[in-house]
2 protein chains.
Amino acid sequence: MPPTTAATDGPDTVEDRLRAAGWRMTVQRRVIAEAFDQRRRDGRDVHLTAEQVLAAARATLPDVSLATVYNTLNDLVELGALAEVSPDDGPRRYDANVADDHQHLVCVDCSRVVDVHLPTRPTLGPDARHGFDVAGVEVTFRGRCPDCRAA
Amino acid sequence: MPPTTAATDGPDTVEDRLRAAGWRMTVQRRVIAEAFDQRRRDGRDVHLTAEQVLAAARATLPDVSLATVYNTLNDLVELGALAEVSPDDGPRRYDANVADDHQHLVCVDCSRVVDVHLPTRPTLGPDARHGFDVAGVEVTFRGRCPDCRAA
DNA sequence: ATGGGTGCAAAGAGTTTGCAACTAC
DNA sequence: GTAGTTGCAAACTCTTTGCACCCAT
């Protein structure tokens, strides 16, 4: 089972990535990974805050600590199994969808995040790079979600 | 004088906008606005943190408080005279260049921000909006600036 | 058995806020 | 004179860290 699989579907879960990296599989890490994997299996976008992960993890393991959640989330980001979503303010969100290149649509009222796909992503001409070694682009659309428009 | 002026050049300073909005011109607000206006006059990109604004303001008015800086920056953002630049982490930055549509190039090491201009900015097809009322896009290129590459 | 992982509580960064004194209008 | 502003300090939110105990390997 190749550890660098990047299929949209299949066994490329957060937990798999943890295992593939050769880390100790503790119950805590398993339930934290499961918070993402379960929702992904349901076909949903997953952009959880640390508190949401804590809540999900505590559903099966009531004594997990917020510190462990943060530690694990940071480890998973460093590993490349999760991506951070920059909010304008409020708590950071973690995105389990690292396999396909996508952008975000964020609700300015409730901070809900939805994945969107651009046909082509913006690039910077060599003359516009100001000598920077450009590593990536991040595109965020901001607006109001249907629920907040109704309210 | 319409308060929604947005000329690229001319007397459209942060201080002007403050005045145009009919606010009380205190010394504090003047020196805070000046921190942006002075650098803009020099033709520089201006993306200051609250601490940098405080330092600049204290150069001429040693007793300004950080709280006043924050209050004023928030007021100026609400007024539309400044724009917030979302960092991935670290302190928020404030951009005085609200007149022309532009994007940012941010150094992942030192957080330096440079303005860049895209020929066309990305848009979302109606079917990709997920029912959102999309109000704006934000494009951020990330990489290493020349100084940090050298180091 | 042992080194990495955990939980707790305390510290930390960045920002906001309550309130009495002050000042631009 | 009076309402809007200020400065201070305390509070707040989110995240990180130090340390003693614990458990996956």
Side-chain angles (χ1 to χ4, degrees), chain A residues 14-15 17-35 47-55 57-58 60-79 81-95 110-111 113, chain B residues 14-15 17-35 47-55 57-58 60-79 81-95 110-111 113:
Chain A
V14 175
E15 189 174 335
R17 285 164 176 264
L18 252 162
R19 249 182 243 289
W23 294 6
R24 286 197 188 177
M25 277 311 302
T26 64
V27 215
Q28 290 85 345
R29 285 178 173 171
R30 209 181 328 266
V31 295
I32 290 168
E34 189 60 17
H47 310 98
L48 302 173
T49 64
E51 287 290 352
Q52 290 174 326
V53 173
L54 181 67
R58 284 196 166 156
T60 45
L61 190 68
D63 290 333
V64 220
S65 73
L66 187 54
T68 295
V69 169
Y70 273 112
N71 286 337
T72 305
L73 291 174
N74 285 337
D75 291 343
L76 287 168
V77 167
E78 206 168 333
L79 200 154
L82 292 180
E84 293 178 322
V85 182
S86 349
D88 239 8
D89 56 27
R92 201 169 292 165
R93 281 162 192 273
Y94 297 85
D95 187 349
C110 69
S111 296
V113 181
Chain B
V14 175
E15 189 174 336
R17 286 164 176 262
L18 253 163
R19 251 182 242 288
W23 293 6
R24 288 197 187 176
M25 277 310 302
T26 63
V27 215
Q28 289 85 343
R29 285 178 174 171
R30 212 184 322 271
V31 295
I32 289 167
E34 189 60 16
H47 311 97
L48 302 173
T49 64
E51 287 290 352
Q52 288 173 327
V53 173
L54 180 67
R58 284 198 165 154
T60 45
L61 188 69
D63 289 333
V64 222
S65 72
L66 186 54
T68 295
V69 170
Y70 273 113
N71 286 337
T72 305
L73 290 174
N74 286 337
D75 292 343
L76 287 168
V77 167
E78 207 168 333
L79 200 153
L82 291 180
E84 294 178 323
V85 182
S86 350
D88 238 8
D89 56 28
R92 204 170 289 168
R93 279 159 194 275
Y94 297 86
D95 186 350
C110 68
S111 296
V113 180

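Every chain is numbered from 1 and lettered A, B, ... according to where its sequence line falls, protein lines coming before strand lines.
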### Message
Within the 4.0 Å limit for protein heavy atoms, which parts of nucleotides 11-18 of chain C are touched? Write it as a string from 5' to 3', B for base, S for sugar-phosphate only, - for none.
### Response
---SBBB-
Side chains of residues 21-32 of chain B: which donor-acceptor partners sit under 3.5 Å, not counting sequence neighbours?
| unit_1 | atom_1 | unit_2 | atom_2 | d |
| --- | --- | --- | --- | --- |
| T26(B) | OG1 | R29(B) | N | 3.2 |
| R29(B) | NH1 | R24(B) | O | 3.2 |

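Bounding nucleotides for the chain A contact on DNA chain D, 5' to 3', at a heavy-atom distance below 4.0 Å, are dC14(D) to dT25(D).
Considering every non-hydrogen atom in both V14(B) and A33(B), the closest pair reads CG1-CB, 3.8 Å. Taking each heavy atom of S86(B) and P87(A) in turn, the nearest pair found is CB-O, 4.4 Å.
In the helix from dA1(C)-dT25(D) to dC25(C)-dG1(D), the rotation axis of the first five pairs and that of the last five pairs differ in direction by 30°, rounded to 10 degrees.
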### Message
Does Y94(A) form a side-chain contact (heavy atoms from CB on, under 4.5 Å) with H47(A)? I'd like the steps, not just the answer.
### Response
CA-CA 5 Å; Y94(A) 297 85; H47(A) 310 98; over 6 Å; no
### Task
Decide yes or no on side-chain contact (heavy atoms from CB on, under 4.5 Å) for V69(B) and L73(B), but give the supporting numbers first.
CA-CA 6 Å; V69(B) 170; L73(B) 290 174; 3.7 Å; yes
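Pairs engaging residues 61-75 of chain B under the side chain to side chain donor-acceptor pair (under 3.5 Å) rule: S65(B)-T68(B) [sequence neighbours left out].
S111(A) meets the side-chain contact (heavy atoms from CB on, under 4.5 Å) test with R93(A); sequence neighbours excluded. Here R19(A) pairs with E15(A) under the salt bridge (charged side-chain N to carboxylate O under 4.0 Å, His left out) rule; sequence neighbours left out. Among residues two or more places apart in sequence or in another chain, the salt bridge (charged side-chain N to carboxylate O under 4.0 Å, His left out) test is passed with E51(A) by none. Under the side-chain contact (heavy atoms from CB on, under 4.5 Å) criterion, A83(A) pairs with D95(A), V98(A), not counting sequence neighbours.
Atoms CZ (R30(A)) and C1' (dT6(C)) sit 15 Å apart, rounded to a whole Å.
At the phosphate of dG7(C), OP1 or OP2 sits under 4.0 Å from a side-chain N or O atom of T68(A).
Between L48(B) atom CG and L54(B) atom CG the span is 11.5 Å, to the nearest 0.5 Å.
Between R17(B) and L79(B), some side-chain heavy-atom pair lies under the 4.5 Å cut-off. Side-chain contact between T60(A) and E34(A): absent, with no pair of heavy atoms (C-beta onward) separated by less than 4.5 Å.
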Grab the N/O contacts between the protein and nucleotides 22-25 of chain C below 3.5 Å, and write none if there aren't any.
| unit_1 | atom_1 | unit_2 | atom_2 | d |
| --- | --- | --- | --- | --- |
| dA24(C) | N3 | R24(B) | NH1 | 3.4 |
| dC25(C) | OP1 | M25(B) | N | 3.3 |

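Residue whose closest nucleotide on DNA chain C sits further toward the 5' end, between R29(A) and R58(A): R29(A).
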